[in-house]
Protein chains: 2
Amino acid sequence: MTERPRRRQARGQQRMVEILDAAARVFARSGYETATTNAIAAEAGVSPGSLYQFFANKEAIAHALADRFVTAMRTAHEEAFAGVDAAALPLPELLDRVIDPIVAFNLANPGFKALFARPDMPEGLAAAARPIQESLFGRVMGIVADRAPALPPEERVRTARVLIQVFQAMIPLITAAPEPERGPLTVELKHVLGRYLDPLTRLPGDDTP
Amino acid sequence: MTERPRRRQARGQQRMVEILDAAARVFARSGYETATTNAIAAEAGVSPGSLYQFFANKEAIAHALADRFVTAMRTAHEEAFAGVDAAALPLPELLDRVIDPIVAFNLANPGFKALFARPDMPEGLAAAARPIQESLFGRVMGIVADRAPALPPEERVRTARVLIQVFQAMIPLITAAPEPERGPLTVELKHVLGRYLDPLTRLPGDDTP
DNA sequence: CGAAAACACGAGCGATCGCTCGTATTTCCC
DNA sequence: GGGAAATACGAGCGATCGCTCGTGTTTTCG
């Protein structure tokens, strides 16, 4: 039933990397559905037959690419959230610390959104992305809890959802913008999130500036 | 070269409406690429041959659907922006007046996002949606200009872009949410936009509450 | 009424795409 | 060196899908 995994040579592992690189480019250009496996093979400089020596089918390619992205994303998240004292840091600094690495990740991995932002994403792909989404949700929840401890849990969930949604919405605007516009747009993103979050961090009746 | 348009009977016009209704449902379920014309025909209770009596090809169906949505959207926008004195109205009231009708439109037209939010949208479709996007952009620009006249034009453009992007990002969160969550999420949307916009409406040094 | 146009049907054509298979070459390892 | 496994190739199979076409029915209109 299950085919035993084959022992990859160094050449083969290199090919797999090349194929995934090519797939990322093709998916970014055409989207998942429209991209053809033969086009991925051609982009990688490989025959269709060779491609299927390494990946069982099109979805397996996407899945391997997803795993690679998820790993890179996890690293970016760790960089973004590690050692950040959400309760003590001034809000602007906190936003800088958290947002800049994740924006940088999305700029460095242009295929990422093309693969994961699609509504017709196969279930297997969504499953691969879910742990990283939940991890992100947990971290944002933590920050909200640290900075707005008086907020009821239900509203805390809602706030975290809104923060993540707004953030993810601004990413394509930033990555698609020409270079000189990216900095100001990132500043605007921080304004949106910061001004949304700021009033929640004050207790009722507290009017310190 | 050009085929002359045929004179539609009442029965035919009714069929076209049914086909577009069916297409909206199928597109909403599967997305544009994955949806098959035979599935649309079946959903409409019509043979594939009949479908092509009314629409030249798949893209023509999407285009007609786009036109329908664009018209409905224009109506919703007019309802949202007409007779709103952006300079005089308190910000919360302004947000209520503008946001509620557009949210209602998106709730009433679930196929809309499925057709227009896709990255692989054919160019013809994007062209059909562009006038309405530009109209929306112009209206938001007007509001920003009314409420923050001191803002340099360049920043005004950026602000309008951000407002629209954030708004459109929150729409799927609201429409996908179960009913009891929609109200609170809409309130959050207004908070995000309101708090982002509020500081821009004050001149430097103005600290009225 | 009668002819022309519009409407309706559904089998199947042509093209595309994911994927296979037979074969040839390269690498590993004893 | 030599056999096995891994890598490489590309023509083409099978399935799917957008769309056509031949045929038959209903509506319109003079």
Side-chain angles (χ1 to χ4, degrees), chain A residues 1-23 26-27 29-65 115 118 120-125, chain B residues 2-23 25-27 29-65 115 118 120-125:
Chain A
M1 206 81 206
T2 67
E3 61 181 71
R4 62 181 179 79
R6 68 166 71 185
R7 162 132 160 55
R8 295 284 173 208
Q9 300 176 358
R11 184 177 37 147
Q13 303 213 17
Q14 179 58 28
R15 272 277 185 261
M16 293 181 72
V17 171
E18 291 168 12
I19 290 171
L20 289 183
D21 288 344
V26 174
F27 283 144
R29 275 206 298 272
S30 340
Y32 179 74
E33 300 288 345
T34 312
T36 74
T37 55
N38 284 15
I40 295 174
E43 173 86 22
V46 158
S47 77
S50 290
L51 188 150
Y52 282 93
Q53 298 256 359
F54 300 103
F55 299 98
N57 50 42
K58 186 180 179 179
E59 192 177 330
I61 299 172
H63 200 285
L65 202 55
L115 189 56
R118 308 191 65 83
D120 53 354
M121 187 167 45
E123 177 50 33
L125 275 195
Chain B
T2 67
E3 62 182 69
R4 63 180 178 78
R6 67 169 71 185
R7 164 134 158 52
R8 295 284 172 208
Q9 300 177 356
R11 184 177 36 149
Q13 302 212 18
Q14 178 60 26
R15 273 276 186 262
M16 292 180 73
V17 171
E18 292 167 12
I19 290 170
L20 288 183
D21 289 344
R25 289 193 296 271
V26 173
F27 283 143
R29 275 205 298 271
S30 340
Y32 178 74
E33 300 289 345
T34 312
T36 75
T37 55
N38 284 14
I40 295 174
E43 173 86 20
V46 159
S47 76
S50 290
L51 186 149
Y52 282 92
Q53 298 255 358
F54 300 104
F55 298 98
N57 48 43
K58 185 180 179 179
E59 193 176 329
I61 299 173
H63 200 285
L65 203 55
L115 189 56
R118 307 192 67 82
D120 53 353
M121 187 167 47
E123 177 51 33
L125 274 195

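Computed from heavy atoms alone, side chains included, the values below leave out hydrogens, waters and symmetry copies. Chain naming here is simple, since letters A, B, ... match the order of the sequence lines and numbering starts at 1 in each. Given the structure is predicted, the values throughout are model-derived calculations rather than measurements.
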Participant: Does a side-chain N or O of B:Thr37 approach OP1 or OP2 of D:dG18 to a distance below 4.0 Å, or not?
Facilitator: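 Yes, B:Thr37 has a side-chain N/O under 4.0 Å of OP1/OP2 on D:dG18.
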Participant: Looking only at non-hydrogen atoms, find the nearest pair between A:Ile40 and A:Leu51 and report the distance.
Facilitator: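 Heavy atoms of A:Ile40 and A:Leu51 come nearest at CG2-CD1, 4.0 Å.
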Participant: Nearest-Å distance, CD (A:Glu33) to P (D:dC17)?
Facilitator: 11 Å
Participant: Think B:Arg15 has a side-chain N or O under 4.0 angstrom from the OP1 or OP2 of C:dA6?
Facilitator: no
Participant: At under 4.0 Å between heavy atoms, what does B:Gly49 touch on the DNA or RNA strands: base, sugar-phosphate, or nothing?
Facilitator: base
Participant: Please determine, for the side chain of A:Thr36, which listed nucleotide (D:dA8, C:dG18, C:dC9) has the closest atom?
Facilitator: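 Nearest to the side-chain atoms of A:Thr36, counting from C-beta on, is C:dG18.
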Participant: In whole angstroms, how far is the P atom of C:dA5 from the CZ atom of B:Arg11?
Facilitator: 16 Å
Participant: Output yes when at least one side-chain N/O atom of A:Tyr52 is less than 4.0 Å from OP1 or OP2 of C:dT20, else no.
Facilitator: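 Answer no for this pair, as no side-chain N or O of A:Tyr52 is under 4.0 Å from OP1 or OP2.
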Participant: Between B:Arg8 (CZ) and D:dT26 (P), how many Å, whole number?
Facilitator: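 Rounded to the whole Å, the gap is 19 Å.
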Participant: Using heavy-atom distances to pick each residue's nearest nucleotide on DNA chain D, tell me which of B:Ala35 and B:Gln9 is more 5'.
Facilitator: B:Ala35
Participant: Would you say B:Ser30's side chain and B:Val26's backbone share a donor-acceptor pair under 3.5 angstrom?
Facilitator: yes
Participant: So B:Asn38, base contact, sugar-phosphate only, or nothing? Heavy-atom distance under 4.0 Å.
Facilitator: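 Touches a base.
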Participant: State whether a side-chain donor-acceptor pair under 3.5 Å links B:Gln53 with B:Arg15.
Facilitator: no
Participant: For D:dT7, does either OP1 or OP2 sit under 4.0 Å from a side-chain N or O belonging to A:Arg6?
Facilitator: yes
Participant: Please say whether the positively charged group of A:Lys58, taken as NZ for Lys or CZ for Arg, lies over the ring of A:Tyr32, i.e. under 6.0 angstrom from the six-membered ring centre and within 45 degrees of the axis.
Facilitator: yes
Participant: Does A:Arg7 make a side-chain N or O approach to OP1 or OP2 of C:dC29 shorter than 4.0 Å?
Facilitator: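 Affirmative; the distance criterion is met.
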Participant: Rounded to the Å, how far apart are A:Phe55 CZ and C:dC17 C1'?
Facilitator: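 One finds 19 Å between C1' of C:dC17 and CZ of A:Phe55, rounded.
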Participant: Kindly compute the distance separating CG (B:Leu20) from CZ (B:Arg25), expressed to the nearest 0.5 Å.
Facilitator: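 Answer rounded to 0.5 Å: 11.0 Å.
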Participant: Need one value for A:Ser50: base, sugar-phosphate or nothing, where a base atom within 4.0 Å counts as base even if backbone is also close, heavy atoms only.
Facilitator: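 It contacts base atoms.
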Participant: Tell me: CD1 of B:Ile19 to P of D:dC19, nearest whole Å?
Facilitator: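 Distance check: B:Ile19 CD1 to D:dC19 P gives 14 Å.
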Participant: Closer to the 5' end of DNA chain D via nearest nucleotide, is it A:Gln53 or B:Lys58?
Facilitator: A:Gln53
Participant: Expressed in angstrom and rounded to an integer, what is the separation of A:Leu51 atom CG from C:dC21 atom P?
Facilitator: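 So the CG-P distance, A:Leu51 to C:dC21, works out to 16 Å.
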Participant: What is the distance, to the nearest angstrom, from the CD1 atom on A:Ile61 to the C1' atom on C:dC17?
Facilitator: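 Going from CD1 in A:Ile61 over to C1' in C:dC17 covers 13 Å.
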